[in-house]
Every structure is written in structure tokens, then in C-alpha cells.
Peer 1: 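Structure in C-alpha cells, see below.
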Amino acid sequence: MKRQRISDLLARPEAGGDVDIAGWVRTKRDSKEIVFLNVNDGSNLAGIQVVVPRDAACFEDARKLTTGASVAVSGRLVDSPGGKQRFEILASGLRIYGLADPATYPIQKKKITLEYLREVAHLRPRTNTFGAVFRVRNTAADAVHRFFQERGFVWIHTPIITSADAEGAGELFRVTVLDPASPPRMDDGRVDYREDFFGRETYLTVSGQLAVENFCSALGNVYTFGPTFRAENSNTTRHLAEFWMIEPEMAFADIHDDMDLAEEFLKYIIAVVLRDRAEDMSFLAERYDPELLPRLEHILASTFARITYTEAVEILERSGRPFQFPVRWGMDLQTEHERYLCEEHFMGPVIVTDYPMEIKAFYMKQNDDGKTVRAMDILFPGVGEIVGGSQREDDLEKLVSRMRALGMREETYWWYLDLRRYGTHPHCGFGLGFERLVQFLTGMSNIRDVIPFPRTPKNADF
RNA sequence: UCCUCGAUAGCUCAAUCGGUAGAGCAUGCGGCUGUUAACCGCAGGGUUGCAGGUUCGAGUCCUGCUCGAGGAGCCA
């Protein structure tokens, strides 16, 4: 069957011609004389109005339709006399694929909360809000690849199942095929994972970074963009057990190149979404967050402030603010500190660099002062930390001594350490949670509303 | 994991001091109109999250549990 996308029809310069569409009925308004349908095929926010006059052969069929039904419509694209749309379809033919019983169909026309829609997550993409969010998400994901591809970065598909714990970042989900009721055991009673599928303990990845560093050491500039898993018992609006992460890695580059890349990257994604998803963005701004578009435009227009951790601590100490967690050199910045820096002091994005070594991961390059590392976090107004990155330690001895200090087993990381043994080089990269980016782009306040089927503690429905 | 708040019709919410559980939307039926959150009329719809307790009487007070939301921590 031939089918035209509604967004393409609405983009035409003028009305006229026979058209065929198919989609789902959003609303119906009918009378004895005429039926008005709004049909949406997912290609845009507004859908298109279908008009079925009484003398049309399909009039009685049209009267049967209710919200949620699926139909194909053929007719003529005509100028709409009504005020709210440019074109509409004067129907001559109509095929019903499936009705939707209005007594039980959960998506009603008015006032449905986001919490309720999470309980019917399989149907929520049929709402205006989730249609808009997931079109924006798609555009952002495409822009991620375009950004890196245009700059010659090579996309590396790092493994989902891993045996190494990168930096101890969060709790791990175990991957096993052993019978949980009666696993094979060793003499001392511990589970014998030598009998397991991989012959050892394995987990879902918490980060593709260590793997992508390997490819950086051969292909130059690389990135990963894929799913990541954390078994943390985090119940917040910004955490998921399964989320997508973007992790670029650049060879022969330092922390300043890293900051430049991250700033350019964020502005690129924002600009593409504002340009290509204007209708959806306007809807989200109107419905949820009037400051959304100005805030994004502000990011585009600003140069990210760049300060060291030590300077950040001085600013916070001088602020005179009675923070719940008093500021002290050596502690990690709390949410309230990050918000003060970018929302009140700098009034815009801030990049904080050179954090104390003790609060950062083992692989970050140590500074000459012996106290700090070449880390960089980008803080955004409203969301806090959106990017975390660093220059990596490329000196074998320093890396090994740091790992020993943290009690890490060198044998586990022999392949990672080989990068420093053979042709080591300065390199850097950063990590970015894709859903947090989509949250910032759409203004959605809960991260569970920017991923199709959220996985959170006690919830893996659908 | 911690703190706070919440759970009443399909959905969103009311219910005064502890005293007969209501409305809007949705649904059904009817009407009307180039309508667009359509409109007008009528009707049906409830074990007030679960389990106990106090009381003549509990949606309301008490205890425990479950689930949800917001904040914090952890982090991306």
C-alpha cells in the first residue's frame, strides 16, 4: 500500500492532489452532517484534520471511530476553512484497521499525569508529549553521530558484557547462566564461576571507557554510544538502571582539547534540535517549561566559564552562603554547590577542572602538584553535572602506583596497562549520559519520561 | 539507602469538628453545530491502596505494610 507521511503533506507549498495517509485517530468530532478526525501518524506533532461529509461513502465508518483507532484515509488535500490548520484532507475512502474500545482505552483526551502514563508506557508514545520527546530524542541521537562522524571520529561498539569493573563506578548487574537455586560450588562454599558460561564472573558494562581507550590508541579519535547499566539503588529524577552513554576519546590531545570538544558538542546538539524539531520544542516549552527555549538559546550564545576546583572552592567560600554541606577543599562538590556556581555566580555553563585526586577515578592524569588530577566536569544550570571527563594517565608507573593505592588488582587490567607499555600517548575523553542530555533538551523533569521503557529499582515492566 | 509528602469513580481532584462519598472530564443514550480541549441534556459508574486498631459511628484518628512522587546521597 502507498502511504504518505503527514509531515510531508503539511510541508507542501499548496493544497491539491490525491493523498493517502494512515495513522491513529487522536480525536473525533461528529454530527449528523459531518465528521472531523484528527489523525496522527507519528511524523509530526499536529497530525492532520480529516473531514468526512455525510455524502461520502465512508461516512458511517467514520462515525464508528474513536480515539486510538487505526485507519487509512484517501482523499484530496485541500485548504482548510477552519482557523487552526493550513491543510486538511477531504476524505473519499477510509479503511479501519483496528478500533479501540473507548471504555477501556487508557489514553484519554485531557489531563493525564506523567506518573499515570508511566503505568501505560506501551501506549504513552501516542500522546503529544511523548511523541515530541521521542522525536527530539531521535534527532539528538542522530546529531551525536553526525557530530563525531563529521570530525572523523570512529564509532566503536564496545562490549555490553564485561569482566572488568571500570573505576568501581556503581554496583554491577551480574551476568550468569548458573542455576540460582543450586549453583556449582567450590570446596570453600563459594560459587564456582569457572562452571559459568564465560568460565569467570561477568557483568553488564558500567562504562565503555576502558575498552574505547584501546581503540583510541590505534584509530586516533573514537567514541562509543550505547547502553550502560548500574545496579545502584537510586530513586531520583536523574537516575536509571539502564541508560545510554556517549564516550568520546581523543589521541594526542589534552584536557583543553577535551573541554573544547565537549563545549562544541553540546552546542551542536542543542542547535540541531532547535532547528529540526521546532514544532515539538515549542510544544514542550508551552506545556511544561516556558524558559526552555531561552535557556537553550542562552547556552548557544555563551562561552562556558572555565575554573579550577580550587578556584570553585574559593568562590563558594567567599559567597557567604550557609550551605547545608560546608565547603572544604578536598570534598566533592554537592548539588547545592554546583547550582550556586552555574545558576547564581556565573549564570551559565561552567567547566570545573583539576579536582583532588582522592575523589576522582584512578585513570585520571596526575598533576605535578601531587594533589590534583586533570579532570573536568561541565555543570549546566538546572541539571548540574552533565559531562564528566579527564585527560588519562599515560605514565605506566604513576597509573600502577595509583591502582595499588586503591587496592586494585593489576592482573585484571593487564590489557589496559599494555596501552601504557607500548606506544603510550597523551589522550583524553569524556562521558555523557544521553538521557540527561535529552532531559535538558526537552525540559522533562523526570528522566523516566525521556527513555522508552525506564528501568529503575523495583521496576522493569514492559 | 535516608528524609518529606501522597494513595477516594476509568482519569484529574473535592469531601468543614470523626456523622448519608461529590464534581469535571471520560463512558452510554439522545440532540445540535465547518468542528478543533467542540457544545447541550439525561444516565450508569465507589469494599475510599492492603491488614489491623480506637470509636455508638472512620475517607477523616492510630499502628504496620505496599505502591507512587519530590528532595538528599551515590552517580551519568
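Order of the sequence lines sets the chain letters (A, B, ...), proteins ahead of strands, with each chain counted from 1. Quick caveat: nothing in here was measured; it's all calculated off a predicted structure.
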Peer 1: Taking the same atom, P, in B:G18 and in B:G44, what whole-Å distance lies between them?
Peer 2: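 Result for the P pair: 32 Å, nearest Å.
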Peer 1: Could you measure between the two P atoms, the one in B:U27 and the one in B:U63, and give it in whole Å?
Peer 2: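 Pairwise P distance, B:U27 against B:U63, rounds to 42 Å.
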Peer 1: Taking CD from A:Glu385 and P from B:C74, how many angstroms apart are they, rounded to a whole number?
Peer 2: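 That distance rounds to 11 Å.
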Peer 1: Under the ring pair (Phe, Tyr, Trp, His ring centres under 6.0 Å) rule, what pairs show up with a residue in residues 35-87 of chain A, not counting sequence neighbours?
Peer 2: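 Listed once each, the pairs would be none.
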Peer 1: Among pairs that include at least one residue of residues 443-462 of chain A, which meet ring pair (Phe, Tyr, Trp, His ring centres under 6.0 Å), considering only residues two or more places apart or in two chains?
Peer 2: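 Output for this query lists A:His122-A:Phe462, A:Phe453-A:Phe462.
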Peer 1: Rounded to whole Å, please give me the gap between CD1 in A:Ile112 and C1' in B:C13.
Peer 2: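 To the nearest whole Å, that distance equals 15 Å.
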Peer 1: Return whichever of A:Ile34 or A:Thr66 has its heavy-atom-nearest nucleotide of RNA chain B closer to the 5' end.
Peer 2: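 Per heavy-atom nearest nucleotide, the more 5' residue is A:Thr66.
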Peer 1: At under 4.0 Å between heavy atoms, which parts of nucleotides 66-73 of chain B does protein reach? Answer with one letter per nucleotide, 5' to 3': B base, S sugar-phosphate only, - none.
Peer 2: ---SSBBB
Peer 1: My understanding is that only residues two or more places apart in sequence, or in another chain, count here; which of them pass salt bridge (Lys or Arg N to Asp or Glu O under 4.0 Å) with A:Arg455?
Peer 2: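 Testing A:Arg455 for salt bridge (Lys or Arg N to Asp or Glu O under 4.0 Å), a comparison that skips the adjacent residues, returns none.
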Peer 1: How many whole angstroms separate atom CZ of A:Arg86 from atom C1' of B:U36?
Peer 2: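 Computing the A:Arg86:CZ to B:U36:C1' distance gives 18 Å.
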Peer 1: Among residues 241-251 of chain A, which contact RNA chain B at a heavy-atom distance under 4.0 Å?
Peer 2: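 Result for residues 241-251 of chain A: A:Phe243, A:Met245, sorted by number.
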Peer 1: Run the ring pair (Phe, Tyr, Trp, His ring centres under 6.0 Å) check on A:Tyr416 and A:Tyr363 step by step: do they pass?
Peer 2: CA-CA 10 Å; A:Tyr416 185 69; A:Tyr363 51 70; 7.2 Å; no
Peer 1: Output all residues satisfying side-chain contact (heavy atoms from CB on, under 4.5 Å) with A:Thr353, sequence neighbours left out; order by chain, then residue number.
Peer 2: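 Per chain and number, A:Thr353 pairs via side-chain contact (heavy atoms from CB on, under 4.5 Å) with A:Met259, A:Thr308, A:Ile351, A:Met376.
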Peer 1: NA contact type, A:Leu240, heavy-atom cut-off 4.0 Å: base, sugar-phosphate, or nothing?
Peer 2: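 The answer is base, as A:Leu240 lies within the cut-off (heavy atoms under 4.0 Å) of a base atom.
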Peer 1: Between A:Asn221 and A:Arg151, is there a side-chain donor-acceptor contact under 3.5 Å, judged purely by atom types and distance?
Peer 2: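 No, no side-chain donor-acceptor contact under 3.5 Å.
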Peer 1: Just checking A:Pro102: base, sugar-phosphate only, or nothing, at a heavy-atom cut-off of under 4.0 Å?
Peer 2: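 Sugar-phosphate: the residue A:Pro102, judged by heavy atoms under 4.0 Å, touches backbone atoms but no base.
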Peer 1: Please give, in whole Å, the distance from B:C75 P to A:Leu172 CG?
Peer 2: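 The distance from CG of A:Leu172 to P of B:C75 comes to 14 Å, rounded to the nearest Å.
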Peer 1: Output all residues satisfying ring pair (Phe, Tyr, Trp, His ring centres under 6.0 Å) with A:Trp244, sequence neighbours left out; order by chain, then residue number.
Peer 2: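 A:Trp244 satisfies ring pair (Phe, Tyr, Trp, His ring centres under 6.0 Å) with A:Phe225 once adjacent residues are dropped.
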Peer 1: Answer with base, sugar-phosphate or nothing: what part of the nucleic acid does A:Phe36 contact at a heavy-atom distance below 4.0 Å?
Peer 2: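 Base: the residue A:Phe36, judged by heavy atoms under 4.0 Å, touches a nucleobase.
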Peer 1: Would you indicate, yes or no, if B:A37 has its OP1 or OP2 atom less than 4.0 angstrom from a side-chain nitrogen or oxygen of A:Lys84?
Peer 2: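 Looking at the OP1 and OP2 atoms of B:A37, one of them is under 4.0 Å from a side-chain N or O of A:Lys84.
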Peer 1: Which value, in whole Å, describes the distance between the P atoms of nucleotides B:U20 and B:A15?
Peer 2: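 Approximately 15 Å lies between the P atom of B:U20 and that of B:A15.
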Peer 1: What residues form a side-chain hydrogen bond (donor to acceptor under 3.5 Å, both in side chains) with A:Asn44, not counting sequence neighbours?
Peer 2: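 Partners of A:Asn44 by the side-chain hydrogen bond (donor to acceptor under 3.5 Å, both in side chains) criterion come out as none, since no residue qualifies.
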Peer 1: So, using salt bridge (Lys or Arg N to Asp or Glu O under 4.0 Å) as the criterion, who are the partners of A:Arg137 when residues are at least two apart?
Peer 2: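 Checked A:Arg137 against salt bridge (Lys or Arg N to Asp or Glu O under 4.0 Å); matches are A:Glu435.
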Peer 1: Sticking with atom C1', work out how far B:C42 lies from B:C61, rounded to a whole angstrom.
Peer 2: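 About 41 Å, rounded to a whole number of Å.
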Peer 1: Side chain of A:Arg436 only, heavy atoms from C-beta on: which candidate in B:U36, B:G34, B:A76 is closest?
Peer 2: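 Closest nucleotide among those given: B:A76.
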Peer 1: Taking atom C1' in both B:G19 and B:G59, compute the distance separating them and give it to the nearest angstrom.
Peer 2: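 Going atom to atom, C1' in each nucleotide, I get 13 Å.
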Peer 1: Expressed in whole Å, how much space separates the P atoms belonging to B:A23 and B:A43?
Peer 2: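 These two P atoms come out 11 Å apart once rounded.
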Peer 1: Could you tell me the separation between the CG atom of A:Asp332 and the P atom of B:C75, rounded to a whole number of Å?
Peer 2: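 To the nearest whole Å, that distance equals 7 Å.
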Peer 1: If the condition is salt bridge (Lys or Arg N to Asp or Glu O under 4.0 Å), which residues does A:Arg118 pass it with, not counting sequence neighbours?
Peer 2: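 A:Asp449.
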Peer 1: Which whole-number value in Å describes the distance from A:Leu114 CG to B:U12 P?
Peer 2: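 Rounding to the nearest Å, CG of A:Leu114 and P of B:U12 are 11 Å apart.
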Peer 1: Step by step, would you call A:Phe380 with A:Phe440 a ring pair (Phe, Tyr, Trp, His ring centres under 6.0 Å)?
Peer 2: CA-CA 9 Å; A:Phe380 262 18; A:Phe440 185 73; 4.7 Å; yes
Peer 1: In this structure, how many angstroms lie between the C1' atom of B:G10 and the CG atom of A:Leu123, rounded?
Peer 2: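 A:Leu123 atom CG is separated from B:G10 atom C1' by 14 Å.
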Peer 1: Syn or anti for B:C17, please, going by whether the chi angle lies within 90° of 0.
Peer 2: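 Syn.
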Peer 1: Just to verify, what does A:Arg321 make a side-chain hydrogen bond (donor to acceptor under 3.5 Å, both in side chains) with, not counting sequence neighbours?
Peer 2: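 Residues passing side-chain hydrogen bond (donor to acceptor under 3.5 Å, both in side chains) with A:Arg321: A:Glu344.
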Peer 1: When the P atoms of B:A38 and B:C75 are compared, how many Å lie between them, rounded to an integer?
Peer 2: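 Per the computed distance, 48 Å lies between those P atoms.
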Peer 1: Give me the distance, rounded to whole Å, that separates B:C62 from B:U54 when you measure between the C1' atoms they each carry.
Peer 2: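 Nearest-Å result for B:C62 against B:U54 at atom C1': 7 Å.
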Peer 1: If we count only N and O atoms by modelled type, under 3.5 Å, do the side chains of A:Glu311 and A:Tyr309 hold a donor and an acceptor together?
Peer 2: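 No.
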Peer 1: Taking Watson-Crick and G-U wobble pairs with both distances under 3.5 Å, convert RNA chain B into its dot-bracket string, 5' to 3', dots for unpaired and | for cross-strand pairs.
Peer 2: (((((((..((((.....[..)))).(((((.......))))).....(((((..]....))))))))))))....
Peer 1: Less than 4.0 angstrom between a side-chain N/O of A:Arg29 and OP1 or OP2 of B:A38, yes or no?
Peer 2: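 For B:A38, OP1/OP2 do have a side-chain N/O of A:Arg29 under 4.0 Å.
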Peer 1: Mind calculating the distance between CD (A:Glu171) and C1' (B:U1) to the nearest angstrom?
Peer 2: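 Result: 12 Å.
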